[in-house]
Amino acid sequence: MVGMDERYDVVVIGGGAAGLSGALTLARARRSVLVVDAGEPRNAPAGHVHNYLGREGTPPAELYAIGRDEVASYGGQILPGRVRAVQREDDGFRVDLDGGDEVRARRLLLATGLTDDLPELPGVVERWGSTVLHCPYCHGWEVRGRAVGIVSTGPMGAYAAGLWRQWTDDVVLFVHTGTEPTAEERERLEARGVRIVRGEVAGLEGGADVRMTDGGLVSRDAVVVATRMVANAELVADLGTTPVPMEAHGAVMGTHLPADPTGRTEVPGVWVAGNAGDLSAQVIVAAAQGLRAGAMINADLIEEDTARAVEAQRSVAA
Ligand SMILES: Cc1cc2nc3c(=O)[nH]c(=O)nc-3n(C[C@H](O)[C@H](O)[C@H](O)COP(=O)(O)OP(=O)(O)OC[C@H]3O[C@@H](n4cnc5c(N)ncnc54)[C@H](O)[C@@H]3O)c2cc1C
C-alpha cells in the first residue's frame with residue numbers, strides 16, 4: 001500500500017512493456033521502485049502480441065501480468081492508478097496520484113505510451129484492433145492472402161498499399177480524403193496489382209466492408225487506417241518539457257517527447273521509454289528502451305550517491 005510521503009528511488013509512470021521493463025531493471029539493481037499504471041496499454045484491443053521473441057502470440061494482458069509478477073518478485077511495487085501531476089520538489093519530484101495520495105521520487109521514468117487518434121469514420125472505433133488495423137508487423141500475418149483495404153486520410157496511402165501488398169495480393173487503396181497517388185505511385189501500385197478506388201468512404205460495415213458515399217460497397221476482410229499518434233506526455237509540461245511533432249516521409253505522424261538515445265529528456269532526472277518518446281517502438285523495442293533507461297537512471301543515482309559519500313567523507317576528514 002502506498003502512503004503519503006513515501007519516497008522511492010524511482011517512480012515509473014505507466015506499466016506497459018516500457019515501464020515494467022524499466023522497473024524490472026531498477027528493482028534488480030536494488031533500487032526502490034514504484035510503478036503507477038492506469039492499466040490501459042495501447043495494444044489492449046488486440047488479441048495477441050506478435051513479434052515478441054520468446055512470447056510470440058501472448059495476449060497483451062497476459063504478457064503484462066507476467067511482467068508485473070517479475071517486477072514484484074524483486075521487490076518492485078505496482079500500484080494500479082493514474083498519476084495526475086508531477087512537480088519538482090527539493091532534489092527530486094513529487095508525484096500526485098488520482099485519489100489524493102502523493103509519493104516522492106529521486107528520478108522519474110515516463111512510460112505512459114501514446115494515444116491513437118483514429119480517423120473519424122463510422123465503424124472504425126468498434127473494429128479497431130480486430131478488423132481495423134494500422135501495422136503490418138502486428139497484424140499482417142493474420143490477414144495474409146485476405147482482402148485488405150487501405151483507407152487513406154493523408155499522404156501515406158500509396159506507401160501503405162505497397163507495404164501491405166507484401167502480405168496479400170488483394171489490396172485496394174481507397175483514396176478517400178488522402179493524397180491522390182502520383183503518376184509514379186500509380187504505376188508502381190498497378191504493377192503490383194493494387195486497385196485504386198477514388199471517392200469518399202462513408203463508413204465500414206460487416207467485417208470490414210467499405211461503404212462509399214455513392215452507395216457502392218467494396219467487400220474487405222480488413223481495413224488499414226493511419227492514426228495520429230499523440231504522446232501521453234502532458235504530465236511533464238510543468239517540469240519544462242513538452243512533446244514535439246514527429247515527421248516521417250514529410251508528414252506529421254504525431255507527437256513524441258524528445259530525449260537522447262538512452263531516454264534522458266531535457267529535464268534533469270526525467271527519462272522516457274516506449275511510445276511516449278518513440279512512436280514507432282513495438283512492444284519488444286519499448287521493453288528494450290525501458291531496460292536501457294532503467295540502467296541509465298541507476299547509473300545517474302550511483303553518481304549522486306557517490307558524490308554525496310565523497311562530500312560526507314571530506315567533511316569528516318576536514
Ligand atoms: C491494436 C494494436 C495492436 C498492436 N499489436 C502489436 C503487436 O502485435 N506487437 C507489437 O510489438 N506491438 C504492437 N502494437 C504496438 C504496442 O501497442 C506498443 O508498441 C506498446 O504498447 C508500447 O508500449 P509502452 O509501454 O510504451 O506503452 P503502453 O503499452 O501503451 O503502456 C503505457 C501504460 O501507461 C499507462 N498510463 C498512461 N498515462 C498514465 C498516467 N498518467 N498514470 C499512470 N499510468 C498511465 C497506460 O494506461 C498504459 O498502461 C500494437 C498497437 C495497437 C494499437
Side-chain angles (χ1 to χ4, degrees), residues 2 11-24 34-65 67-68 78-86 95-99 101 103 108-118 124-125 127-143 222-238 254 256-257 259 263 271-291 293-294:
V2 172
V11 168
V12 178
I13 310 173
L20 290 172
S21 176
L24 180 62
L34 173 71
V35 180
V36 185
D37 182 37
E40 293 166 355
R42 181 182 174 207
N43 56 352
H48 305 93
V49 178
H50 296 291
N51 284 330
Y52 198 106
L53 186 66
R55 294 278 181 187
E56 169 56 28
T58 308
E62 191 179 320
L63 186 69
Y64 304 135
R68 286 193 293 273
I78 316 270
L79 181 72
R82 186 170 286 277
V83 171
R84 188 163 41 84
V86 290
V95 179
D96 296 335
L97 309 174
D98 263 2
D101 275 353
V103 293
L108 293 180
L109 175 55
L110 190 81
T112 41
L114 65 76
T115 299
D116 286 291
D117 273 352
L118 295 167
V124 163
V125 172
R127 291 172 178 79
W128 175 236
S130 57
T131 59
V132 174
L133 315 172
H134 72 303
C135 156
Y137 300 99
C138 307
H139 304 282
W141 175 263
E142 283 60 45
V143 296
V223 150
V224 175
V225 298
T227 70
R228 186 167 183 278
M229 296 175 278
V230 182
N232 298 325
E234 56 289 341
L235 269 180
V236 289
D238 286 347
H256 75 115
L257 195 70
W271 270 257
V272 64
N275 279 166
D278 176 359
L279 306 184
S280 66
Q282 299 280 101
V283 177
I284 204 162
V285 176
Q289 291 176 351
L291 178 142

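These numbers were taken from a predicted model, which means no experiment stands behind them. Numbering of ligands and ligand atoms starts at 1, following listing order.
With a 4.0 Å heavy-atom cut-off, ligand 1 is reached by no atom of Val285. At a heavy-atom cutoff of 4.0 Å, ligand 1 is contacted by the side chain of Ala286 but not by its backbone. At a heavy-atom distance under 4.0 Å, only backbone atoms of Ala111 (N, CA, C or O) approach ligand 1. With a 4.0 Å heavy-atom cut-off, ligand 1 is reached by no atom of Leu133.
Here CG of Asp96 is found 14.5 Å from CZ of Arg82. Values are rounded to the nearest 0.5 Å. Summarising the geometry, atom CG belonging to Asn43 is positioned 9.0 Å from atom CG belonging to Asn275; distances are rounded to the nearest 0.5 Å. Atom CD1 of residue Ile284 and atom CD of residue Gln289 lie 12.0 Å apart, to the nearest 0.5 angstrom. Between atom CG of residue Leu257 and atom CG of residue Leu279 there is a gap of 10.5 Å, rounded to the nearest 0.5 Å. Separation of atoms OH (Tyr52) and CG (Leu63) is listed at 5.5 Å; rounding is to 0.5 Å.
Distance from atom 15 (C) of ligand 1 to its nearest protein heavy atom, with residue and atom name: Arg42 NH1, 4.0 Å. Of the protein's non-hydrogen atoms, Asn275 OD1, 3.3 Å is the one closest to atom 18 (C) of ligand 1. Atom 50 (C) of ligand 1 has its closest protein heavy atom at Asn43 CB, 3.6 Å. Protein heavy atom nearest atom 27 (O) of ligand 1, with residue, atom name and distance: Gly113 CA, 3.5 Å. For atom 33 (C) of ligand 1, the nearest protein heavy atom (residue, atom name, distance) is Asp37 OD1, 3.6 Å. Val83 O, 3.1 Å is the protein heavy atom nearest to atom 41 (N) of ligand 1. Regarding atom 29 (O) of ligand 1, its nearest protein heavy-atom neighbour is Pro41 CB, 3.5 Å. Of all protein heavy atoms, the one closest to atom 13 (C) of ligand 1 is Cys138 SG, 3.3 Å.
Here is the list of ligand 1 atoms found below 4.0 Å of a heavy atom in Asp116: 53 (C). The ligand atoms of ligand 1 that sit less than 4.0 angstrom from a heavy atom of Gly274 are 26 (O). Contact atoms of ligand 1 toward Gly16: 25 (O), 29 (O), 31 (O), 33 (C) (distance under 4.0 Å to a heavy atom of the residue). Those atoms of ligand 1 that come under 4.0 Å of a heavy atom in Gly129, given as number and element, are 1 (C). Contact atoms of ligand 1 toward Ala18: 25 (O), 26 (O) (distance under 4.0 Å to a heavy atom of the residue). Using a 4.0 Å cut-off to heavy atoms of Gly39, the atoms of ligand 1 that qualify are 47 (O), 49 (O). The His48 neighbourhood of ligand 1 comprises atoms 8 (O), with distances under 4.0 Å to a heavy atom of that residue. The atoms of ligand 1 that sit less than 4.0 Å from any heavy atom of Gly81 are 43 (C).
For ligand 1, the polar-atom distance check finds an N/O of Val283 within less than 3.5 Å of one of the ligand's N/O atoms. Among the atoms of Ala17, some N or O lies under 3.5 angstrom from an N or O of ligand 1. Between Glu40 and ligand 1, at least one pair of N/O atoms sits closer than 3.5 Å. Below 3.5 Å of separation, one finds an N or O of Ala38 facing an N or O of ligand 1. For ligand 1, the polar-atom distance check against Ala281 finds a nitrogen or oxygen pair separated by under 3.5 Å. Taking distance alone, with nitrogen or oxygen atoms compared against 3.5 Å, Ala276 stays at or beyond that limit from ligand 1.
Heavy atoms of Val36 approach ligand 1 to within less than 4.0 angstrom. Residue His134 places a heavy atom under 4.0 Å from ligand 1. The closest approach between any non-hydrogen atom of Trp128 and ligand 1 is below 4.0 Å. Within the structure, the closest approach of Pro45 to ligand 1 does not fall below 4.0 Å when heavy atoms are considered.
The heavy-atom pair separating Arg68 from Ala61 by the smallest distance is NH2-O, 4.5 Å. Of all the heavy atoms in Gly274 and Ala281, the pair that sits closest is C-CB, 4.4 Å. Contact detail for Gly57 and His48: the closest heavy-atom pair is O-CD2, 2.9 Å. Closest of all the heavy-atom pairs between Leu110 and Ala276 is CD2-CB, 4.5 Å. Minimum heavy-atom separation, Tyr137 to His50: O-CB, 4.2 Å.
Proximity of a side-chain donor or acceptor of Ser21 to a complementary backbone N or O of Gly290 within less than 3.5 Å is not detected.
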Practice task
Show your working on side chain to side chain donor-acceptor pair (under 3.5 Å) between Asn51 and Gln282 and close with a plain yes or no.
Solution key: CA-CA 8 Å; Asn51 284 330; Gln282 299 280 101; over 6 Å; no
Exercise for the section: Would you check, one step at a time, whether the test side chain to side chain contact (heavy atoms under 4.5 Å, CB included) holds for Tyr64 with Asp37? Expected result: CA-CA 11 Å; Tyr64 304 135; Asp37 182 37; over 6 Å; no
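Looking at Arg42 and Met229, their side chains come closer than 4.5 Å, going by heavy atoms from C-beta outward. Residues Leu118 and Val132 fail the side-chain proximity criterion, which asks for heavy atoms closer than 4.5 Å. Looking at Val83 and Leu97, their side chains come closer than 4.5 Å, going by heavy atoms from C-beta outward.
When each of Leu34, Val36, Leu20, Val12 is paired with Ile78, the side chain to side chain contact (heavy atoms under 4.5 Å, CB included) condition holds for Leu20 and for no other. Under the side chain to side chain contact (heavy atoms under 4.5 Å, CB included) test applied with Leu114, the options Asp117, Thr112, Asp116 reduce to a single match, Asp116.
For the residues Glu56, His50, His139, Arg82, the heavy atom positioned nearest atom 7 (C) of ligand 1 is part of His50.
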